[in-house]
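Lettering follows sequence order; numbering is per chain, from 1.
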Amino acid sequence: MTLYLFLILGFFAVLSALMVVFSKNPIHSILYLVLTFFAIAGEYVLLNAQFLAIVNIIVYAGAIMVLFLFVVMLLNLNHETEPHKSMLRKLIAVIAAGLLMVVLVGSLKGADTMAIQPFSHNAGLIENLGKVLFDQFLLPFEVSAVLFLAAMVGAVMLGKKDIK
Amino acid sequence: MPIIALLIFTFATALIGLFIPIRYGNRFAFISSLIVFIYSLYLFCTFPITADFQYVVDYSWIQSLGIHFKVGMDGISVLLVMLTTFLTPLIIFSVRKSEPRPRAFYSLLLFMEMALIGVFVSMDGFLFYIFWEIALIPIYFICLLWGGKDRVRITLKFFIYTLTGSLFMLVGLIYLYLHTPGEHSFDIQALYTAGKSLSAHAQCILFWFFFLAFGIKMPIFPLHTWQPDTYSDAPTQGTMMLSGIMLKMGIYGLIRWMIPMLPVGLSQNAQYVMWLSIAGVLYAGIIAFTRKDMKRLLAYSSISHVGLIAAGIFAFNGQGLQGGIIQMLSHGINVVGLFFVVDIIQSRTGTRDIASLGGIRLKAPYLATVFAIIMLGAVALPLTDGFPGEFLLISGVFKFENIMGAVVGLTIIIGAVYMFRMYQRTILGETSLATENFTDLTAGEKAVLIPIVIMVILIGVCPNLFLKVSEPAILKLLGGI
Amino acid sequence: MNTLIILSALGVVALFAEIFRFRKGLFPLILIGLAAAFFFTAKEYNHPQVFFGMMNFDNYAVIFSCAILIIAFLWFMMAKNYFLQETSVTDHFALILFSLVGAVVMVSFNNLTMLFLGIEILSVSVYVLAASDKTNVMSNESGFKYFLMGSFATGFLLFGITLIYGVTGSFDLTTIQHNLSTGRETYMALAGVLLLMIGLGFKSSLAPFHFWAPDVYEGAPTTVTTYMATVVKTAAFAAFYRLFSLCFWQLAAHWTDVLSWMVVLTLFIGNVSAVRQRSVKRMLAYSSVAHAGYIAIAIVAMSVPSTCAILYYTFTYSISSLSAFTILFIVSRHKGSKDISAFEGMSKANPLLSFTMTVAMLSLAGIPPTAGFFAKYYVFYTAINHGFTWLVLVAVLAALVGIYYYFRVIIAIYFKPEQQLVPIKVGPLHRTVLIITTILTLLFGLFPNLVLGWL
Amino acid sequence: MLQYAALIPFFPLAGFIILGLLNKRLPKNLAAVIACGMLLISFGLALGMFMNISGQSQEVQLAPWINVGSFSASFTFLLDPLSSIFLMIITGVGFLIHVYSIGYMHDDEKHNIFFAYLNLFVFFMLVLVMASSYLLMFVGWEGVGLCSYLLIGFWFKNKAYNDAAKKAFIMNRIGDLGFLLGIILLFITFGSSDYHTIFTKANGFMSGDAMITTITLLLFVGAMGKSAQIPLYTWLPDAMAGPTPVSALIHAATMVTAGIYMVARSGILYALSPISMYVVALVGVVTAVFAATIALTQNDIKKVLAYSTVSQLGYMFLGLGVGAFSASVFHVMTHAFFKALLFLCAGSVIHGLAGEQDIRHMGGLRKKLPITFITFLIGTLAIAGIPPFAGFFSKDEILIHAYSSNKLFWALGMLGSMMTAFYMFRLLFLTFSGTYRGDSHKVHPHESPKVMTVPLIILAILSTIGGFVGVPESLGGTSQISKFLDPVFKPAQAKMMMVEGSGGVSEMMLMGITITVVLISIFAAWYMYVSRKSVPVSEGTKLPFFTKLSYHNFYVDEIYSALITKPLDKISELLKNIIENKVIDGVVNASGKVTEWVSGLMRFVQTGNVDFYLLAMVVGIALIIFLKLM
Amino acid sequence: MGDLKTIPMDWYLLLSTILFSIGVMGVLFRRNAIIIFMSIELMLNAVNLLLVAFSAYHNDANGQVFVFFTMAVAAAEIAVGLAILVVVYRNTKSTDIDVLNRLKG
C-alpha cells in the first residue's frame, strides 16, 4: 500500500518537476513547482516526517514560491519573454543532465540493500525534532540567525534605491 | 664569522647606497666594495690550505625542516669569493657617470655581490638555492632598467630560462633532502650521503635535473640561447657581472653540489654531457667567426670557453677540475676586461659593429695594448692567464677520452681565429668614420683595466698561487667519490 | 566562540550605526573589535575547546581564525576609503563582519551542518557584496554569476553531505570518520566524498569548477575581489583541508587521483589563461585560480606537513594579493583603468607603489626571498615527500608560465618611459597597508618559522 | 759559469719591458742601444756558455709554474750543447740583425716599439731553446708565434699585412694544437714533460711503439706549423709583409727552425718510431722540392727568399728524418748565416730602392750597391752549395745521409738543390746584373749606411767560413760540430742503428754529382738572365701552364680558402641563422609562442555565458563520478 | 521488496536522483533566470527528500534537522538571489542569463 503511495507521489513529483522545466510560461512553472513540493511533502508524510512536510509546504510552497511569483510580477515576466535556446543547446542540456543522472544512479545503485519501514519511526515527530534542534543543534540554529541577518541586510541593501 | 661580516657588510652597503646623495653614490659604492675586496684579500692571504671548510658558521634557520644558515669556505669557495670581490669594485668603478638612476644601479650591483658571495659560501642546500635565486633579481633589474633596445623581451626570456633550470634543481634538492638519513637536513654532507645512496636510475634523473639548472646558467649548448641576446642587450656592467661572475655560479654548482652528490649519475652520463659541452665549444666558436657585433662575438666566445670548462669538470680528474677552477678565475677576469674595452669603444664611437670600426690603435695605443693583452689571455697564450686553465682542461678531457681531448683542443685554433679577426678589424687598419676622433684611455678607465692586465699576467706566470689553494679541496672531492 | 560573538556583535553594531548616525566612529570601532577578536582567539591557542560538538576550536581553527582576522584587519584598512563614498557603508561593513563569522565557522566546524552554514553565510554575504556596485552592470553580472553558480554548486555539496550522512548516519566529523573507518558502504561514501570535493572545489575555484572565478573577480568591486581572493580563499581551503584530513583520509587512495587531475587542470588553465590578459585585475583573478592549484597540491599530498603548507600558502598568498590588489585599486582609481598600461612607467614618480608591487609580484611568482617562494617550496616539499613528484614537475612548468605574466607587470612598471610624472596620491591607510604587507612578505619569506612555528 | 747562462733570456726581456713601458719617452738612439746592448750581453753569456759546455748538460731551476697533483711543470732551463748552439745562433745573428735594424728602421715612427718586439721575440726564442721541458718549450713556442704576429703586422694600417700576420698566427696555432696534444700525451704516457724524465723512460719502450709514434707525429704537426712545411707552409711567404729584419731574424734564421730544434731535441722519441722518421723525411723532401719549384717563378725578391727558406727547412727535416740530427742542426746554423745575410741584403736593396721589391724593376744594381752585391753573391753561393761556402758542407751531409737511407729522397734532394741554385742565381742576376729597369727619375738607388752594411759583411764572412766547423771526415775535416753534439744525439742514434755514412769514396762521388748539377743550374740561369737578358713578363700576360701554376703558388692559398676558410664562414653563418636562430632558439621561442597561443584559445573557453560554465561543471562532475565509480 | 510495507532505500535514492537531475537539467535548459532559480530549488528539495529518507532509515532525527537548515539556507539564498536578479533587471531589463556575458575571455 505504502509502496503504491510512494510510487504515485514519486510519479507526480517527477512529472511536475519536468513540467517546471518545460513550461513556457514562468507562472506555470511556478505552479508546477508548487505541485512538486506538495508531492515531496507527501513523501515526507510517508516517511513519518509530518512536521517537515508541513514546514515544506509553508516555507517552500508558501513563502518561497510567493517570493518567486512576486518577482515575476514585479518584473512583469508573465508573458513569454524568454528567448528560447536553440535546439542543439537544449539537446546538450538534456543529454548532460541525463548523463549526470545515469552516472549518479549508476554509482549509487546497488550500493546497498537497505529498506525503510515507513511510518515506523518517531524521529520525525515534532517533539523529537525540537529536542535535537535546541539541544544538539543549538549552535547552528543560532549561527543561522547570522545567515538570515546577512541575507536580509544584503537583500535590503541591493533592493533599496540609492539616495543620490 | 668573517663570512657573515662579508655578507652583512655588502647587504648593508647596498641598502645604504640607496639613500646616499647621488653625488657620492659612486664613491660610496666603490669604496665599500673596495673594503670588501681588501677584507677578502686578507682572508685569502691568511687562508689555511687544508681540505676543510674554514670560518664555518652554523645557525639553525627553519628548525622544523632542518634548514640551517650554514656557511663556510674551502679552497674552491675562497677563490670564487675573491674573484667576486675583485671584480665588483672594478665593475662599479667602470660605471659611467652619465648613467641614469645611479644609486639604484650601485645598490643592485652591491646586492648582487652579496648574493654571489652567498652562493659561493653556502653549505646548506636550501640556503644555496635562496642565494642562487636572489642573485637573479638584481641582474634582472639591471638589465631591465639600463639595458638596450629589445631588453624587455630578452630579459624576460633570460629570467624564465634560468628559472626553468633552478626550479628543476629545487625539485632535485627537495628529493635529495627527503632521502637524507635520519632527521631530514639540507646540510651539504647529508645531501652528499643522500645522493650517493640513491639508485643509479634515480641519480641519473636527478643528474639531468641539476644539469638543467647549471647548464642553463653557464650556459652549455644547447641551453645557451638566452645568453648572446642578454649579453648584448644588458648594460656593460650587467654583462660583466653575468659573464664574469654569474656564470661561475653554474660551474661552481657543478663542482660543489652536483658531482659529489650524484657520482653514479655523473659516471653514467659524463659521456653525453661532455659531448654536449664540446659541441658547444665548437659550435659557439664557429658562430663567433662571423659575428658583427663585438658584444655578441664575446658572448659566443664565452659560451665556447665555458663549454671547455664544463667538459674539463665533467671529466672529473685532477687536471680537469683544477683547470676548471683556474679557468673560472681567468675567464672571469678576461671577459670583464674585454667587455669593458667594448664598452669604451662603444661609448666613444656609438657602435659595436666591427665593420664600422678600425684603426683605433692609431688613436689609442694604450687601449690597443691593453686590449691585446687581455685578448691574448682569452686565446690562452702561455704566460697569460688563459693558458694554465686551458692546458689543464684539455689534458683533463684528453685523459678522460682521447678523441674528446683532440676535438676540444680545436678551441685554441678557433679562439684565435675569432679573437684575432675582431682585433684586427676594430683596432688595426685605417681609421674609419666612427673612430676618427677616438681618444685614448682616461685615468679612470686605466684604473679598471690595469688591475685586470696585471691579473692576466700574474695568473699566467704564477698559477700556483691559486692552484695550491684549491688543491686540497679538489683532492678531497676526488677522494670522496 | 568569543570570536563568533564579537564578530556578530560588531556586525549588528555596524547595522545600528546607520540608524544612530555613528558612521564616523564605526571604522575605528571595527578595527578595535577585530583586534579584540584576534586577542580572544589567540588566547585559545593550545586550549582546544569543543562547543556542542559542533565547533572544535583546536589549534588549527585558532591559527586559521587568527590568519583570517589579520587579513580582514588589513582588508578593512585597505577598503575603508572605497566604502566611505558609498551610501551604504554600514551595510557593507556588517556584511563583511557576518561573512567573517562564516569564515571562522568554516575553519572550526566539527559538524557538516556547521560547515554548510559557514559556507553559506560567507557565500551569501559575498554574493551581495559582489553585486553591491548596483549601477554597474559588471558588478551585477559578477554577483549574479557568482550567486547562480554558487547555489548550483551548493546543491552538489548538499548531495554529498546527504550521501555521507546516508552512509554514516551522522553529521559529526568524529562519528563519520569512525564509521567510515569500519569500511561500510564505501561505494556510496565515495560518491559523497567526490561530491563534497566538487562542492568545495567550486568554492576554492579548482578546475573545471573555476569558471566563475575570473568573471566574478573582474566584475566585483576591487575591494570585494580582494576579499574573495584572500579571506574567502583562505577559509575555503581551510575548510576543505579540515574536512578531508579529519574525515576522509582513509579514502585518500580513492580521491587523490581525481584531485590531482583537477590540480593539473587548474594549474594549466589558471596560468595559461592569465598570459594574455590585458586587465591586471583579470590577470590576478586567473592567478588566483592558479594559486588554488598549488594549494590543492598540499591537499592531494595529505600528510602532516600539508597543514603547514596550506596555512603558510594561503596566508602569505593573501598578504601578497592584498598588496597587489591595493595597488591595483589605487592605480585604477587614479588612472581610471585596470589595464596593464595604467602601470606603465610609474616607477619614477611612485617608488613606494612600484617597490611594493614588485615585491608582491615576485611573491606571487614565487621568487626568493619573498614569502611566495617558501610557500611554493613547502607545497613542493609536501608533495615530493608524499611521492607526487610528477605533480610537482607540472607545477614547476606552471610556475614558469606564471613568471611570464607577473613579470609583465613589473616590466610595465619599470620599463616604459614615464608618460606623466604625476605621483599617485596614496592615503596614509593605504600606505600603512602596503608597508605592512610588503614587510610581512619579506619577513615571512626569510623567516617562515614565524608562521610555521605555530602549527 | 754555466749558472749565469740561465740569465741569458732575461736581458732581452728587460729590454722589452724598458722599451715597452717607456716607449716614446725614450730617444730613438738610446732605445736602439738598449735593445742591441741587451742582446750583446746575452750573446756574451751564450758565448761563455758555449766555451764551457763541453758535452755537459745541466738543469737550472728557476721557479715552479703549474702544479696539479702529480702533474707539474716548472720554469727550468736546460743547458747542453744543442741549446748552446741555438743560443749562439739566436743571440749572435739576432744581435747583428738588431744592429742592422738601427739603420733600416731609422725613420719609422714606431722605431722603439719595433725594438721592443724584437727583444721580446729573442726572449721567447731563448726560452724555447733553453726550456727543459716540452711545456716550457711550448711557452717559447707560442711566444715567438705572438711576436711573429706582432712583427708581421707591424705596419698595421695595411690590411694585407694584418691578414698575413693573422694567417701566420692561426696556421701556427694549428700546428700548436698538435704540439699541445703531443705534450698532453707525453704527460699521460710519461707522467711528465721534462726531457730528462721522458728520455730516460723512453728507453723502456720498444721501437715502433704506437704511443710513441702518435706522440712524435703530433709533435711533428707542431713542427710543420712552425717550420712551414707542407701543408702548413703558406703563411711564411705571406709573412714577408713584415719589415725585412724581421724576415731575416724570425722567418729565416731563428723561429722557423724551432721545429727542427724540437724534432732534434726529441731525437730519442723519433728514433723509436721509424714511421714518424719516415714521415718527417718525406714531408721534408717533398716540401724542399715543392717550395723550390714555386721559388723558380716568383718576382718578389723577398718571396723568392721565403720559398727558399721553406725549401731549406725541408732539407733540414729530410736530414732529421734520415737520422742525421747533427747535420740538420749544422744546416740550421749555416742557413741562419746565409739566409739572414740574403734577407738583409734584400733589405738593403729595398732600402736602396725606397721600398721596391719587384725584381722586374731592378737590375744593374751591382754598381750602385757594391757591398750588398758582394755579400749577396756570397750568400747565394753558400745556399747553392758551392764549396767551400757554408751551405755546401751542411747540405751535402744531409744528402749523403739521405742517400744511405733512401735513394729516392736523395734524388729528390738533388733536384731540389738544382732548382735552388737556379732560382738563387736568377734572383742574383735579375737584381744586380744588366741595366736598371726601374723608374730612374723617381728612385735613386744607393748603398745603405754602415750600420747596415757592417752586419752584412760579418754575416758574409760567417757564411763563407761557417761551414768549416763541420767539414766531414771524408774531406779530411774533423766534423767538430757533430762531435760537439754527440752527447745529445748519441742515445738517439744508438736506438736507430743507422748505417754510418756510405764510405768515403761514395761520399766524394755524391759531392761531385751535387756540385756538377749545381754548376749546370747556375749556367742555365746565367744563360737565361744574363746572356739572353730575359726578364719575367709583367702581370696579366699569359704564362705557360706550369709557370703559371708555380707563379701562383700552385693555387694552394686559393684551395685552402675555398676548402677551409670560406666554408667555415659559411658554416658559421649557417649555424647562426639556421641552427641557432631557427632550431634551438626557435624551440625556445616556440614554447613561449605556443603558450601565448594556447592562452588565446583558453580565452574562448571562458565564454562569459553562465550556461556554458554550468554545462562544463555538470560534464566535469559526471566525468569525475563516471571515471571513479563506474 | 516483497513486503509492501517496506520501501527499498534504493527507490528513494532513485527518486531523489531523478528529481535532482531534473533540477540540473532545468538549470542547463532554460535561459530565464527565475526558472533556473526554481530548478535549483528543485535540486535542494531532491536532496531534502533523500535526507529525510536516510533519516528514517537511520531512525535518526539529525537528518531531518539538517533539512531545516537546508530550508533556511534555501530561503536566504533565494532572497539574496532574487534581490540580485532585481538589480540586474534594473540595469539590463532582462532576466535572460545569456545577456550577461560582458565578463569573459
Side-chain angles (χ1 to χ4, degrees), chain C residues 111-114 116-117 119-121 123-125 127-128 130-152 154-172 188 214-220 273 276-279 282, chain E residues 9 12-13 16-17 20 23-24 27-28 33 36-37 39-55 57-60 62-63 65-70 72-74 76-85 87-92 95 97 99-105:
Chain C
N111 189 299
L112 291 179
T113 322
M114 289 303 274
F116 181 56
L117 282 174
I119 289 177
E120 284 306 317
I121 295 173
S123 305
V124 163
S125 316
Y127 296 153
V128 175
S132 65
D133 191 357
K134 280 178 278 181
T135 49
N136 184 344
V137 188
M138 296 290 190
S139 172
N140 299 159
E141 181 180 338
S142 157
F144 182 79
K145 277 182 176 169
Y146 193 20
F147 169 74
L148 189 58
M149 299 184 72
S151 46
F152 186 65
T154 304
F156 287 94
L157 185 77
L158 262 180
F159 206 153
I161 292 176
T162 307
L163 289 179
I164 296 296
Y165 172 68
V167 175
T168 60
S170 172
F171 296 106
D172 187 63
M188 199 156 79
D215 291 3
V216 173
Y217 278 36
E218 191 189 0
S273 301
R276 284 278 281 266
Q277 300 304 328
R278 289 293 303 168
S279 157
R282 201 171 174 82
Chain E
M9 188 64 222
Y12 279 102
L13 265 174
S16 63
T17 312
F20 189 86
V24 170
V27 172
L28 298 178
I36 291 174
F37 287 3
S39 303
I40 290 173
E41 290 305 309
L42 198 57
M43 287 164 65
L44 296 186
N45 260 280
V47 176
N48 281 351
L49 176 61
L50 192 58
L51 267 172
V52 175
F54 277 131
S55 165
Y57 167 70
H58 288 300
N59 196 14
D60 171 37
N62 282 1
V65 172
F66 197 94
V67 175
F68 277 118
F69 291 112
T70 318
V73 165
E77 265 196 354
I78 241 37
V80 166
L82 288 173
I84 293 174
L85 185 65
V87 174
V88 170
Y89 187 81
R90 270 190 212 143
N91 286 323
T92 64
T95 55
I97 56 165
V99 172
L100 294 173
N101 61 357
R102 282 184 185 73
L103 299 168
K104 64 178 172 190

Tell me, out of C:L148, C:V216, C:L163, C:V124, who's got the most heavy-atom pairs with chain E below 4.5 Å. C:L148
What's the verdict on side chain to side chain contact (heavy atoms under 4.5 Å, CB included) for C:L158 and E:F20, showing C-alpha distance, side-chain angles and the deciding distance? CA-CA 11 Å; C:L158 262 180; E:F20 189 86; over 6 Å; no
Residue from E:V65, E:N101, E:T92 scoring the most non-hydrogen pairs under 4.5 Å with chain C is E:N101
Which pair of non-hydrogen atoms, one from C:F116 and one from E:F69, has the smallest distance, and what is that distance? CE2-O, 4.4 Å
Checking heavy atoms, do the side chain of C:Y127, its backbone, both or neither come under 4.5 Å from chain E? both
Given E:F54 and C:V167, is the side chain to side chain contact (heavy atoms under 4.5 Å, CB included) satisfied, shown in steps? CA-CA 9 Å; E:F54 277 131; C:V167 175; over 6 Å; no
Spacing of CG belonging to E:L51 relative to CZ belonging to C:F159, to within rounding of 0.5 Å: 10.0 Å
Region of E:S39 that comes under 4.5 Å of a non-hydrogen atom in chain C: neither
Tell me which of these, C:S151, C:G143, C:S279, has more heavy-atom pairs under 4.5 Å with chain E than the rest. C:S151
The reported gap from CG in C:N140 to OH in E:Y89 (rounded to nearest 0.5 angstrom) is 14.0 Å
To the nearest 0.5 Å, what is the distance between CD1 on C:I161 and CG on E:L50? 12.5 Å
Please assess E:N62 against C:Y165 for the test side-chain hydrogen bond (donor to acceptor under 3.5 Å, both in side chains), listing each intermediate value before the final yes or no. CA-CA 9 Å; E:N62 282 1; C:Y165 172 68; over 6 Å; no
Which value, rounded to the nearest 0.5 Å, describes the distance between C:E141 atom CD and E:I97 atom CD1? 11.0 Å
Tell me, for C:R282 versus chain E, whether the close heavy atoms (under 4.5 Å) come from the side chain, the backbone, both or neither. side chain
Check whether E:V99 gets within reach of chain C through its side chain, its backbone, both or neither, counting any heavy atom under 4.5 Å. neither
Do the side chain of C:E218 and the main chain of E:L103 share a donor and acceptor less than 3.5 angstrom apart? no
Quick check on the interface: out of E:V80, E:N48, E:V73, who has the most heavy-atom pairs with chain C under 4.5 Å? E:V73
Within the structure provided, determine whether E:N91 and C:N136 are in side-chain contact (heavy-atom separation under 4.5 Å). no
Is C:F152 close to chain E through its backbone or its side chain, or both, or neither, when contacts mean heavy atoms under 4.5 Å? both
Just say parallel, tilted or perpendicular for the rings of C:F171 and E:F66, cut-offs at 30° and 60°. parallel
I need the minimum non-hydrogen distance between C:M188 and E:L13, along with the two atoms involved. SD-CD1, 3.9 Å
Salt bridge (Lys or Arg N to Asp or Glu O under 4.0 Å) partners for E:E77, two or more places apart: none
Distance (rounded to the nearest 0.5 Å) between C:K134 NZ and E:I84 CD1: 12.0 Å
Scanning both residues in full, the closest heavy-atom pair of E:V47 with C:G155 reads CG2-O, 4.1 Å
For E:R90, which residues count as a salt bridge (Lys or Arg N to Asp or Glu O under 4.0 Å) partner, sequence neighbours excluded? none
What is the distance from atom CZ of E:R102 to atom OG of C:S142, rounded to the nearest 0.5 Å? 13.0 Å
Where on C:I121 is there a heavy atom nearer than 4.5 Å to chain E: the side chain, the backbone, both, or neither? neither
